Amino acid sequence: MAMSAGYIPFHPNPSKPKYRPPAGAVDAHCHVFGPEDKFPYAPERKYTPCDAPKEKLFALRDFLGLDKNVIVQASCHSKDNRAMVDALDASNGRAKGIAFVGEEVTDDELTWMDKAGVKGVRFNFIRRLVDSTPRDVLARIAARVAKLGWHVVVYFEQADLADMEAFFTSLPTTVVVDHMACPDLKKGLDHPDFQRFLRLLETHKNFYCKVTCPERFTIAGPPYDDVVPYARTIVERIPDRVLWGTDWPHPNMPKEAPDDGVIVDMVPKIAPTPALQKALLVDNPMRLYWS
Ligand code: 0GY
């Protein structure tokens, strides 16, 4: 197993954001990991995270002035969704989930997750994180979860879009793209990769985009102003189909995890009006996850 170092801890002491999110704001991309003694990490994982239990996530939610979470299954737990479902069960209805499943998942397991508040499955195409799954398998999974009213979350890199676009647009569900499909800041806003991605979002009205993870794409470092033009362009082009999240606990970061207060303080830069902020933080995630 090729595994990166792992165990980069989340920020021990995030700053209080200056920006106050509107009432009911949703962190639509975050994770829970472990604790390992209760929910062990997957043997096939490519990195080992720090334990990031649900209690810490809920405390951070409150500290940052957020109201709800969408907890996304990450590759380090692979197809064992128990830690995520356990967090949903403990959330008093304030968390929904995105699962990772294989074709062997049973209808009973899907029903168990559906009842707990799972709203979708994630297809991860990032080669450093997962081994690839054939598209016909993914298509069959999508058809099954579509019947539950779930959607599909896709995590991929813009440079791979040309190859995957036909598959993505054939999916029978809403499609949510993680982390702006990883913009390459060295290429710039005008690069065909980013422009192609924008066209995809504008053309296909069933696509949503998470304007998340500036810390993964920045060249300049915090407060990540170099990522703002990418996120802001997407927010302004498809204001009713964008989502925001912290990505806490920021798994698999090469050096140190970001200050979550700084991540919250980016919101007014990428969504400059109160109407855009309400769409991004409340209306869009509520439509997708709580309606
Ligand atoms: C993320 C990003 C990452 C990790 C995972 O599934 C995962 O392990 O998603 C990453 O390393 O880019 O979504 O938080």
Side-chain angles (χ1 to χ4, degrees), residues 1-11 26-34 36 39-52 54 56-57 60-61 69-84 87 95-102 118-133 138 141 151-160 175-185 208-218 224 227 230-231 243-260 263 266 285:
M1 173 184 10
M3 211 195 292
S4 61
Y7 279 107
I8 303 293
F10 47 86
H11 198 289
V26 179
D27 175 351
H29 187 98
C30 51
H31 309 281
V32 288
F33 297 141
E36 187 171 15
F39 302 114
Y41 300 114
E44 70 270 34
R45 69 193 183 278
K46 309 271 187 193
Y47 65 91
T48 301
C50 61
D51 277 352
K54 58 185 184 283
K56 296 260 187 209
L57 174 66
L60 181 76
R61 172 198 69 198
N69 299 107
V70 180
I71 302 174
V72 177
Q73 182 75 0
S75 58
C76 52
H77 272 306
S78 193
K79 295 168 191 162
D80 179 354
N81 292 279
R82 287 177 302 150
M84 182 267 291
K96 302 291 183 182
I98 295 294
F100 179 56
V101 302
V118 170
K119 293 288 175 182
V121 287
R122 190 183 200 203
F123 295 166
N124 190 333
F125 298 93
I126 305 285
R127 290 178 205 90
R128 68 186 161 77
L129 291 174
V130 287
D131 301 326
S132 68
T133 306
L138 297 176
I141 293 171
H151 59 260
V152 173
V153 174
V154 291
Y155 188 18
F156 67 98
E157 292 175 349
Q158 281 170 14
D160 295 329
V175 179
V176 177
V177 180
D178 270 345
H179 312 335
M180 304 183 276
C182 310
D184 181 346
L185 269 62
Y208 280 62
C209 181
K210 291 181 196 163
V211 287
T212 40
C213 281
E215 72 278 12
R216 293 185 191 277
F217 313 124
T218 186
Y224 314 118
V227 187
Y230 296 82
L243 304 167
W244 172 90
T246 57
D247 191 38
W248 186 88
H250 314 280
N252 205 24
M253 287 290 291
K255 287 200 293 260
E256 57 188 17
D259 175 345
D260 298 281
I263 302 277
M266 284 187 77

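What you see is a predicted model, and the numbers here were worked out from it, not measured in a lab. Start at 1 and go down the list; that is how both ligands and their atoms are numbered.
- Side-chain atoms of Phe125 and Ser132, non-hydrogen and from C-beta on, never get closer than 4.5 Å to each other.
- Counting only heavy atoms of the protein, atom 5 (C) of ligand 1 lies nearest to Leu129 CD1, 3.6 Å.
- Using 4.0 Å as the threshold, His250 has no heavy atom nearer than that to any atom of ligand 1.
- Ranking the protein heavy atoms by distance from atom 6 (O) of ligand 1 puts Ser75 N, 2.7 Å first.
- For ligand 1, the atoms closer than 4.0 angstrom to any heavy atom of His29 are 1 (C), 13 (O), 14 (O).
- When hydrogens are left out, the protein atom nearest atom 11 (O) of ligand 1 is Arg128 NH1, 3.0 Å; that is the closest non-hydrogen contact.
- In this structure, the protein non-hydrogen atom closest to atom 12 (O) of ligand 1 is Tyr155 OH, 2.4 Å.
- Using modelled atom types, one finds no donor on one side chain facing an acceptor on the other under 3.5 Å when comparing Asp260 with Thr246.
- At least one heavy atom of Tyr47 sits closer than 4.0 Å to an atom of ligand 1.
- Judged purely by atom type and a 3.5 angstrom limit, Asn69 has no side-chain atom pairing as donor or acceptor with the backbone of Ile71.
- The closest approach between a heavy atom of His179 and any atom of ligand 1 is below 4.0 Å.
- His31 contributes a side-chain N or O that, together with a main-chain N or O of Val72, makes up a donor-acceptor pair within less than 3.5 Å.
- In the vicinity of Asn124, heavy-atom distances shorter than 4.0 Å reach the ligand 1 atoms 6 (O).
- The closest protein non-hydrogen atom to atom 14 (O) of ligand 1 is Asp247 OD1, 2.4 Å.
- Within the 3.5 Å criterion, the main-chain N or O of Val211 finds no donor-acceptor partner in the side chain of His29.
- At least one heavy atom of Arg122 lies less than 4.0 angstrom from ligand 1.
- The shortest heavy-atom contact between Tyr155 and Arg216 is OH-CD, 4.3 Å.
- Without hydrogens or angle criteria, Asn81 side chain to Lys79 main chain gives a donor-acceptor distance under 3.5 Å.
- Aromatic ring centres of His11 and His250 lie farther apart than the 6.0 Å criterion allows.
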